[in-house]
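Right, one structure below, let's go through it.
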Amino acid sequence: MFADQISAPAPVEAAFAAARTADPRRDAAASIIAAAIIDATVQIDQPSGEGLRTVATAFLVSAPRPNGAPRTVLVTARHVLEQMPERSARVGWRLQEPDGGWRFSPQPLEIRDAALDPLWSTPPDRDIAVMEVTAPEAFARAAIPLAWLADAEAFETAGAAAGDELFTLGFPGGLSSNRAGFPILRVGRIASWPLTPIRAFPTFLLDFRVFPGDSGGPVFRPGGGAAEQPPVIVGVVIKEVVSPRPMQGQPQGQGQGIGLGVIAHAAYVRQAIALLDAPGRP
């Protein structure tokens with residue numbers, strides 16, 4: 001595993017609407033939507049001594065409270081936070097400079113309370129974690145609308161099939177696409193069948209190579225096309241597939257990655273967000 005509510009459209013929703021108005025072709029809308037999801041994706045890390053660090057991916061979702069108050073939620077894989085034993089991690093905010101450039105500015109993020117109890121919520125038996133965060137204003141505006149996360153019904157009725165192309169964002173090997181800390185965009189195809197119902201198949205395979213640092217990244221289709229089809233986050237990268245036996249030349253007891261990622265359905269992100277509002281939580 002690897003490691004105030006307003007009625008006007010949110011900026012990312014407005015970008016999608018503008019793309020559709022300007023050019024209904026899939027490619028034009030898709031590029032703008034991919035950029036919007038890139039803006040909401042961040043690196044999360046924690047130093048682990050001797051110049052090492054645990055690195056992973058997270059993304060932000062705008063998930064208002066039941067009373068309508070705004071709330072920004074950070075989403076990642078549960079094992080990412082479990083493998084960070086200290087009280088604080090770092091989140092890689094990116095700040096735009098007056099000249100239009102960008103600056104990488106990682107800042108502390110509390111992931112445990114004073115008693116070292118987790119501050120995140122997670123669905124039972126699912127490698128998903130979410131927690132409320134206070135994000136810089138630009139990142140709060142860039143957070144993905146909750147409506148963009150596919151629920152079980154949306155995924156099952158969308159007709160997703162083996163071979164469909166999906167995008168994913170991450171920080172493979174702890175690398176970013178540039179000094180400003182933007183994530184790396186890659187593409188893969190669904191490599192599993194059947195895919196539904198998700199209660200029977202809570203994860204699926206994606207044909208792309210997973211590296212340390214990719215866990216927690218969003219997996220999405222960009223939307224677009226002539227129909228009013230919004231972009232959809234369909235899942236979260238949680239691990240790579242490793243062969244159960246060593247390949248030729250591999251040390252005994254060690255398997256080998258075979259170029260497949262395991263993706264947890266976005267419906268479980270929705271479930272985890274709902275747990276933030278469960279009775280008894282602060």
### Message
Contact between Ser121 and Gln271 at the side-chain level, heavy atoms closer than 4.5 Å - yes or no?
### Response
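SC-SC contact between Ser121 and Gln271 ruled out.
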### Query
How about Pro118 and Leu81: do any of their side-chain heavy atoms sit closer than 4.5 Å?
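They are not in contact (no side-chain heavy atoms under 4.5 Å apart), so the answer is no.
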### Message
Measuring from atom OG1 of Thr196 to atom CD of Glu153, what distance do you get when rounded to the nearest 0.5 angstrom?
### Response
12.5 Å
### Query
Nearest heavy-atom pair of Phe104 and Gly92: which atoms, and what distance?
CE1-CA, 3.5 Å
N/O donor-acceptor pair under 3.5 Å between [X] side chain and [Y] backbone:
X      : Y      : answer
Arg94  : Asp39  : yes
Arg221 : Glu165 : no
Thr203 : Val262 : no
Arg71  : Ala63  : yes
Arg103 : Glu97  : no
Asp127 : His79  : yes
Gln46  : Ser88  : yes
Arg189 : Gly163 : yes
Arg270 : Leu146 : yes
Ser192 : Leu205 : yes

### Query
Taking the six-membered ring where the residue is Trp, are the ring centres of Trp102 and Phe182 under 6.0 Å apart?
yes
### Residues Ile190, Ile263; criterion side-chain contact (heavy atoms from CB on, under 4.5 Å); working and verdict
CA-CA 10 Å; Ile190 296 176; Ile263 313 302; over 6 Å; no
### Message
List the residues meeting ring pair (Phe, Tyr, Trp, His ring centres under 6.0 Å) with Trp193, not counting sequence neighbours, and say none if there are none.
### Response
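Residues passing ring pair (Phe, Tyr, Trp, His ring centres under 6.0 Å) with Trp193: none at all.
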#### Entry: Phe208 six-ring face occupied by Arg186 cation (under 6.0 Å, within 45°)
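That pair does not qualify as a cation-pi contact.
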### Query
Is the number of heavy atoms from other residues, nucleotides or ligands under 6.0 Å of Asn67 CG greater than 12?
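Yes, CG of Asn67 has more than 12 neighbouring heavy atoms, counting only those of other groups under 6.0 Å.
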### Task
Decide side-chain contact (heavy atoms from CB on, under 4.5 Å) for Phe201 and Leu195; before the verdict, give the C-alpha distance in whole Å, the side-chain angles of both, and the deciding distance to 0.1 Å.
CA-CA 6 Å; Phe201 304 99; Leu195 298 171; over 6 Å; no
### Task
Could you walk me through whether Leu260 and Asp207 pass the side-chain contact (heavy atoms from CB on, under 4.5 Å) test, one step at a time?
CA-CA 5 Å; Leu260 293 172; Asp207 182 19; 4.1 Å; yes
### Task
Using the side-chain contact (heavy atoms from CB on, under 4.5 Å) rule, take Phe59 and Thr57 through it: C-alpha gap first, then chi angles, then the decisive distance, then the call.
CA-CA 7 Å; Phe59 60 98; Thr57 306; over 6 Å; no
### Task
Begin from the C-alpha positions of Phe204 and His265 and carry the test ring-ring contact (aromatic ring centres under 6.0 Å, His included) through to its verdict.
CA-CA 8 Å; Phe204 62 92; His265 283 284; 5.3 Å; yes
